[in-house]
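Worksheet: the structure to be examined is printed underneath.
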2 protein chains.
Amino acid sequence: MDDPGPAEGTSGPRRWESHGRQPRSQATQDALLDSAEALFASAGIDATAVTDVALGAKRSIGSLYHHFQNKETLVLAVVDRVLRDLEAVIETPLKPSHWHGLGIPDIVRNYVQTALAIERSRPGYKRILVEVGLHDAQTLSAYKRFRRRLDGGLTQLLLDRRENIGHPDPDTAARFAVDQLSAMLWARLDRVMTPTQLEDCDDEAFTAEAIASVNAYLRLRE
Amino acid sequence: MDDPGPAEGTSGPRRWESHGRQPRSQATQDALLDSAEALFASAGIDATAVTDVALGAKRSIGSLYHHFQNKETLVLAVVDRVLRDLEAVIETPLKPSHWHGLGIPDIVRNYVQTALAIERSRPGYKRILVEVGLHDAQTLSAYKRFRRRLDGGLTQLLLDRRENIGHPDPDTAARFAVDQLSAMLWARLDRVMTPTQLEDCDDEAFTAEAIASVNAYLRLRE
DNA sequence: ATTATCTATAGATCTATAGATAATGC
DNA sequence: ATTATCTATAGATCTATAGATAATGC
């Protein structure tokens, strides 16, 4: 009854790996992950039964358990895929060379637009990360690492232009401005639970006010 | 096996009422609600078994079901109590007469401090509201009504002082500023899932920067 | 007599496995 | 021969109830 096992997977960088040796194996894993991510995002993880995941992927429950050791492994695989995709998306825009010759308003505008676009293309991913992160320490730290990379990278881009910042304490101001921008975006993206008074204003007007707010707080110099 | 019942409770304003006719009945209900709220806030609702709620309240599972029709009723009772308490707390500070002769910075400072104090005294209430609100439409609308009352009330307090607002569109600016303030606070209060770059700065410094940001964006005139 | 509480357990739901069947690739 | 998939179901967990026992208040 025990499961001594080789205790693999806890030492490697990633907690889940594909072991398929036939092409259809990958297709099934993708279908299961797609189904799981969609159901987790809309109904929540606890409320989603693994049989429903298999059903949504047009596979059997036995096939699901052939690919994933248990429900937790499936959940972590979904989280890994989401975080890996997000990290790939933010990598290029965080490079200083990508913004050579451009100013803080350009950077802020792109940040806001990119965040809005990600949510549209992958609705509800945040819900999954939160639900898992509240229980699993490894997911929580991976998620925080992603947020630190994103917020820290943006802060650095602003500080690279500190000669344009009139605020008496540019370092603190840059961090506060980025925190505020992130918070605003996450509130706007969470259309379900966070009511905002600017729900009916369109993305363009929202972006314009966000830029105006950052500029005013930083006391931006042209 | 059916439960025709008098179909009561769906028409009244509140979905759950105490039916106890002995003093100890109220004490048991309070103990069960306290236990439930604490467990729901720390572990989540789905992850909390009703037997654990009874255990935490030092009551039996049979006693729990004597007071609450089912788990959902218990959850809604907890939510009702949280929202009722929150509504009572914000009522006085939202009255215009409460701020006679005082300016926007005073109002913002009090708003930030009150929000921080509420979270400290009732840790994790937000998690309960979110988890229930994602599934229950009635809780979602009750929660949104609370947020609208809070954010809308604060916006009105700012607009009562529109002669001090230099922003070309004071109505939009007031709503944006309040949205931004709320978002910042909720991010700071959610110490678990929302990493911020100002985590290590204390409440006083955070409050000062929040006021500075609002003032700069609104182009506040003294 | 009524209300509240308890213990014990039925019933429902979900996760995970066993073992048979089908498809793939050397 | 190996890998992938399927059906059927065992086992675990949680919600909810039945029925007995204890406490309260007229």
Side-chain angles (χ1 to χ4, degrees), chain A residues 1-5 9 16-36 39-40 42-78 131-132 135-136, chain B residues 1-5 9 16-36 39-40 42-78 131-132 135-136:
Chain A
M1 288 297 179
D2 283 22
D3 179 30
W16 171 83
E17 293 286 348
S18 167
H19 293 294
R21 298 174 192 181
Q22 290 182 15
R24 59 175 180 162
S25 183
Q26 187 63 48
T28 294
Q29 284 177 10
D30 290 345
L32 289 168
L33 290 174
D34 290 343
S35 172
L39 289 170
F40 293 166
S42 65
I45 295 168
D46 283 348
T48 299
V50 285
T51 49
D52 291 333
V53 173
L55 198 69
K58 290 176 182 169
R59 299 299 197 286
S60 71
I61 182 63
S63 187
L64 186 151
Y65 275 95
H66 175 74
H67 288 281
F68 301 97
Q69 194 179 353
N70 48 36
K71 186 180 183 180
E72 189 188 358
T73 304
L74 172 66
V75 169
L76 295 181
V78 169
E131 192 170 348
V132 180
H135 292 96
D136 178 60
Chain B
M1 288 297 178
D2 284 23
D3 178 29
W16 170 83
E17 293 285 349
S18 168
H19 294 294
R21 297 176 193 181
Q22 291 182 13
R24 60 175 179 160
S25 181
Q26 187 63 45
T28 295
Q29 283 177 11
D30 290 346
L32 289 168
L33 290 174
D34 290 342
S35 171
L39 289 169
F40 292 167
S42 65
I45 295 168
D46 282 349
T48 300
V50 285
T51 49
D52 292 333
V53 173
L55 198 69
K58 292 177 180 169
R59 300 298 197 286
S60 70
I61 183 63
S63 186
L64 187 151
Y65 275 95
H66 175 74
H67 288 282
F68 301 97
Q69 194 179 352
N70 48 36
K71 187 180 183 180
E72 189 189 358
T73 304
L74 171 66
V75 170
L76 295 182
V78 169
E131 191 169 348
V132 180
H135 292 97
D136 178 60

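Chain letters run A, B, ... following the sequence lines, proteins first, then strands; residues in each count from 1.
Atom CG in Leu64(A) sits roughly 16 Å away from atom C1' in dA18(C) (whole-Å rounding). When the P atom of dA4(D) is taken as reference, atom CD of Gln29(A) falls 8 Å away, rounded to whole Å. Rounded to whole Å, the distance from CD on Gln26(B) to P on dT5(C) is 11 Å. Taking atom CZ of residue Arg59(B) and atom P of nucleotide dT21(D), one finds them 22 Å apart after rounding to whole Å. Between Phe68(A) atom CZ and dT5(D) atom P the separation is 11 Å, expressed in whole Å.
Remark: Thr28(B) is in phosphate contact with dT5(C), judged by side-chain N or O atoms under 4.0 Å from OP1 or OP2. Regarding contacts with the backbone of dT5(D), a side-chain N or O of His67(A) is found under 4.0 angstrom from either OP1 or OP2. A sub-4.0 Å separation between OP1 or OP2 of dA4(C) and a side-chain N or O of His66(B) is present. Applying the 4.0 Å criterion to OP1 and OP2 of dA4(D), one finds that Ser63(A) has every side-chain N and O outside that range.
Looking at Lys58(A), its side chain never comes within 3.5 Å of a backbone N or O of Ala31(A) through a donor-acceptor pair. With hydrogens and angles ignored, the 3.5 Å screen pairs a side-chain donor or acceptor of His135(B) with a backbone N or O of Glu131(B).
In this structure, OG1 on Thr28(B) lies 4.5 Å from NE2 on His67(B), to the nearest 0.5 angstrom. Separation of atoms CG (Leu64(A)) and CG (Leu55(A)) is listed at 11.5 Å; rounding is to 0.5 Å. In this structure, CD in Gln26(A) is found 4.5 Å from CG in Asp30(A), a value given to the nearest 0.5 Å.
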- Output, in order, the C-alpha distance, side-chain angles, deciding distance and verdict of side-chain contact (heavy atoms from CB on, under 4.5 Å) for Leu39(A) and Ile45(A). CA-CA 8 Å; Leu39(A) 289 170; Ile45(A) 295 168; over 6 Å; no

- Message: Under the criterion side-chain contact (heavy atoms from CB on, under 4.5 Å), I'd like the reasoning laid out for Val78(B) against Phe68(B): C-alpha separation, chi angles, the key distance, then a yes or no.
- Response: CA-CA 11 Å; Val78(B) 169; Phe68(B) 301 97; over 6 Å; no

Filtered N/O pairs between nucleotides 14-16 of chain C and protein, under 3.5 Å:
{"unit_1": "dT15(C)", "atom_1": "OP1", "unit_2": "Lys71(A)", "atom_2": "NZ", "d": "2.8"}
{"unit_1": "dT15(C)", "atom_1": "OP2", "unit_2": "Val50(A)", "atom_2": "N", "d": "2.8"}
{"unit_1": "dA16(C)", "atom_1": "OP2", "unit_2": "Tyr65(A)", "atom_2": "OH", "d": "2.7"}
{"unit_1": "dA16(C)", "atom_1": "OP2", "unit_2": "Lys71(A)", "atom_2": "N", "d": "2.8"}

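The side chain of Arg24(B) approaches dT5(C) more closely than any other nucleotide in the set dA23(C), dT5(C), dC6(D).
The two residues Leu74(B) and Phe40(B) have their closest heavy-atom pair at CD2-CZ, 4.4 Å.
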Would you mind writing out the side-chain donor-acceptor pairs for residues 46-54 of chain A within the sub-3.5 Å range, not counting sequence neighbours?
{"unit_1": "Thr48(A)", "atom_1": "OG1", "unit_2": "Gly44(A)", "atom_2": "O", "d": "2.6"}

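With the 3.5 Å cutoff on both pairing distances, Watson-Crick and G-U pairs in DNA chain D assemble into runs of at least 3 at C:1-24 with D:1-24.
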